[in-house]
Asks: 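Input: one structure, supplied below.
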Amino acid sequence: MPQLALYTFGVLKSPLADPSPLTREFYDIGGAVYGKIAQHPGYLAHAEAAGGDRGSLFEADWGAWGEFAVPTWYDKGRTPETTALAATLSLWTDLRLAVDAIYTGLHREALNRRYDWFERTGHANYVFWWVTDAVTPTWRDGVSKLEHLNAHGSAPHAFTFPDSFAPDGTPSRATHARRRG
């Protein structure tokens, strides 16, 4: 049975190690958001560093999720003191359930505040793609898919919700409804 991979990437306005109230606020809500997302129907798993250290993303052991990677347009630091990014990599059973988790509840509240915490980069900040149930997507897969999406738009192997595809590569209903409307 195919599974849906989701990679998200954002450039923070300040480094992860910044003790400012804004950075603390982002972390505080982030922990609660992950807790709710993990309970949502359709959620399967997300990449977690072996030590859970959020400041050493590049040096962390991500196990089967592979070596941490970022898009080419990320031009900030890569040390625990200078890293200014937030990225997620997760697996879902279904596109509709993933989108429901993203656009409702506590995550929706966080999305409404995203420009308080994140820079506007002019790049897409998320990408979906289908994998077989025997495959664990890697950070490099996510970066590659996001960069392809930014360069070429949605395709069966790298898409957004409004321009989505079924596991067999056919456009999904969301795509058809958007193009008709």
Side-chain angles (χ1 to χ4, degrees), residues 3-18 22-23 26-27 29-31 33-34 37 43-92 95 98-99 101-103 107-108 110-131 135-165 169 174-175:
Q3 296 176 339
L4 185 68
L6 168 61
Y7 172 72
T8 67
F9 183 83
V11 178
L12 292 165
K13 290 182 175 180
S14 61
L16 294 169
D18 185 347
L22 198 57
T23 303
F26 172 74
Y27 274 127
I29 198 168
V33 166
Y34 262 117
I37 291 283
Y43 169 84
L44 296 171
H46 72 271
E48 291 185 271
D53 186 2
R54 40 184 197 196
S56 61
L57 301 171
F58 292 93
E59 297 85 15
D61 175 5
W62 293 93
W65 302 91
E67 181 181 338
F68 190 77
V70 295
T72 55
W73 64 82
Y74 175 73
D75 61 358
K76 295 194 175 187
R78 294 175 183 252
T79 68
E81 295 77 30
T82 61
T83 298
L85 65 91
T88 66
L89 182 57
S90 57
L91 279 171
W92 296 83
L95 181 61
V99 170
I102 293 164
Y103 291 106
H107 193 272
R108 178 63 190 184
L111 278 178
N112 289 340
R113 302 257 342 264
R114 67 187 171 270
Y115 297 122
D116 291 344
W117 304 312
F118 293 95
E119 294 179 0
R120 295 176 191 228
T121 64
H123 299 281
N125 59 2
Y126 77 95
V127 63
F128 289 110
W129 72 100
W130 294 101
V131 297
V135 171
T136 300
T138 67
W139 290 107
R140 289 192 188 277
D141 294 337
V143 168
S144 173
K145 303 290 185 186
L146 188 65
E147 288 178 339
H148 184 278
L149 176 70
N150 275 288
H152 306 288
S154 284
H157 60 278
F159 56 90
T160 62
F161 174 65
D163 293 311
S164 57
F165 293 84
T175 302

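This is a predicted model, so every value here is computed, not measured.
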Asks: Apply side-chain hydrogen bond (donor to acceptor under 3.5 Å, both in side chains) to Glu147 and list each qualifying residue two or more places apart in sequence or on a separate chain.
Replies: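 For Glu147, the residues satisfying side-chain hydrogen bond (donor to acceptor under 3.5 Å, both in side chains) (neighbours in sequence not counted) are Thr72.
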Asks: Identify, with sequence neighbours excluded, every residue that meets side chain to side chain contact (heavy atoms under 4.5 Å, CB included) alongside Thr138.
Replies: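 Scan of Thr138 (side chain to side chain contact (heavy atoms under 4.5 Å, CB included), adjacent residues dropped) gives Arg140, Asp141.
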Asks: Just to verify, what does Asp116 make a salt bridge (charged side-chain N to carboxylate O under 4.0 Å, His left out) with, not counting sequence neighbours?
Replies: Arg113
Asks: Roughly how far, to the nearest 0.5 Å, is the CG atom of Leu91 from the OG1 atom of Thr136?
Replies: 6.5 Å
Asks: Given side chains that start at C-beta, do those of Leu149 and Phe159 come closer than 4.5 Å, heavy atoms only?
Replies: no
Asks: Decide side chain to side chain contact (heavy atoms under 4.5 Å, CB included) for His107 and Leu111; before the verdict, give the C-alpha distance in whole Å, the side-chain angles of both, and the deciding distance to 0.1 Å.
Replies: CA-CA 6 Å; His107 193 272; Leu111 278 178; 3.7 Å; yes
Asks: List the residues meeting side chain to side chain contact (heavy atoms under 4.5 Å, CB included) with Asn125, not counting sequence neighbours, and say none if there are none.
Replies: none
Asks: Going by the rule side-chain hydrogen bond (donor to acceptor under 3.5 Å, both in side chains), which residues pair with Tyr74 if we only count those two or more places apart in sequence or in a different chain?
Replies: none
Asks: Run the side chain to side chain contact (heavy atoms under 4.5 Å, CB included) check on Ile102 and Tyr126 step by step: do they pass?
Replies: CA-CA 11 Å; Ile102 293 164; Tyr126 77 95; over 6 Å; no
Asks: Taking ring-ring contact (aromatic ring centres under 6.0 Å, His included) as the test, write out the residues that go with Trp117, two or more places apart.
Replies: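 If we apply the ring-ring contact (aromatic ring centres under 6.0 Å, His included) test to Trp117, skipping adjacent residues, the hits are Phe26.
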Asks: Does a side-chain heavy-atom distance below 4.5 Å link Trp62 with Leu57?
Replies: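 Counting from C-beta outward, Trp62 and Leu57 do come under 4.5 Å.
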Asks: Does Tyr103 have any ring-ring contact (aromatic ring centres under 6.0 Å, His included) partners at least two apart in sequence or in another chain, and if so, which?
Replies: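 For Tyr103, no residue satisfies ring-ring contact (aromatic ring centres under 6.0 Å, His included) once neighbours in sequence are set aside.
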Asks: Using residues 5-18 as the side-chain source, report each donor-acceptor pair under 3.5 Å to any protein atom, sequence neighbours left out, with the distance given to one decimal.
Replies:
from	atom 1	to	atom 2	distance (Å)
Thr8	OG1	Thr88	N	3.2
Thr8	OG1	Thr88	OG1	2.3
Lys13	NZ	Tyr115	O	2.6
Ser14	OG	Asp18	OD2	3.3
Ser14	OG	Thr23	OG1	2.8
Asp18	OD1	Ser20	N	2.9

Asks: Which heavy atom of Asn150 sits nearest a heavy atom of Ala124, and at what distance?
Replies: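 Closest pair (atom of Asn150, atom of Ala124, distance): OD1-N, 2.7 Å.
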Asks: Compare every heavy atom of Trp139 with every heavy atom of Ala69, then report the nearest pair and how far apart it is.
Replies: N-CB, 3.7 Å
Asks: For Trp92, enumerate each residue passing the side-chain hydrogen bond (donor to acceptor under 3.5 Å, both in side chains) test, keeping only those at least two apart in sequence or located in another chain.
Replies: Ser90
Asks: Taking all non-hydrogen atoms of both residues, which atom of Thr160 and which atom of Ser154 are closest, and how far apart?
Replies: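 Distance-wise, the nearest heavy atoms are N-OG, 3.3 Å.
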Asks: In Å and rounded to the nearest 0.5 Å, what is the CG to CZ distance from Leu85 to Phe118?
Replies: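 If I round to the nearest 0.5 Å, the distance is 9.0 Å.
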Asks: Heavy atoms only: give me the nearest Trp65-Pro137 pair and the separation to one decimal.
Replies: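 Closest approach of Trp65 to Pro137, heavy atoms only: CE3-O, 3.2 Å.
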Asks: Output the distance between atom CH2 (Trp73) and atom CG (Leu146), rounded to the nearest 0.5 Å.
Replies: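 If we round to the nearest 0.5 Å, Trp73:CH2 and Leu146:CG are 4.0 Å apart.
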Asks: Would you name the heavy atoms of Thr82 and Thr79 that are closest together and state the gap between them?
Replies: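 Scanning both residues completely, I find the closest heavy atoms to be OG1-OG1, 2.8 Å.
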Asks: Once rounded to the nearest 0.5 Å, what's the spacing between atom CD1 of Ile37 and atom OH of Tyr43?
Replies: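 If we round to the nearest 0.5 Å, Ile37:CD1 and Tyr43:OH are 9.0 Å apart.
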Asks: Quick one: side chain to side chain contact (heavy atoms under 4.5 Å, CB included) partners of Ala155, sequence neighbours excluded?
Replies: His148, His157
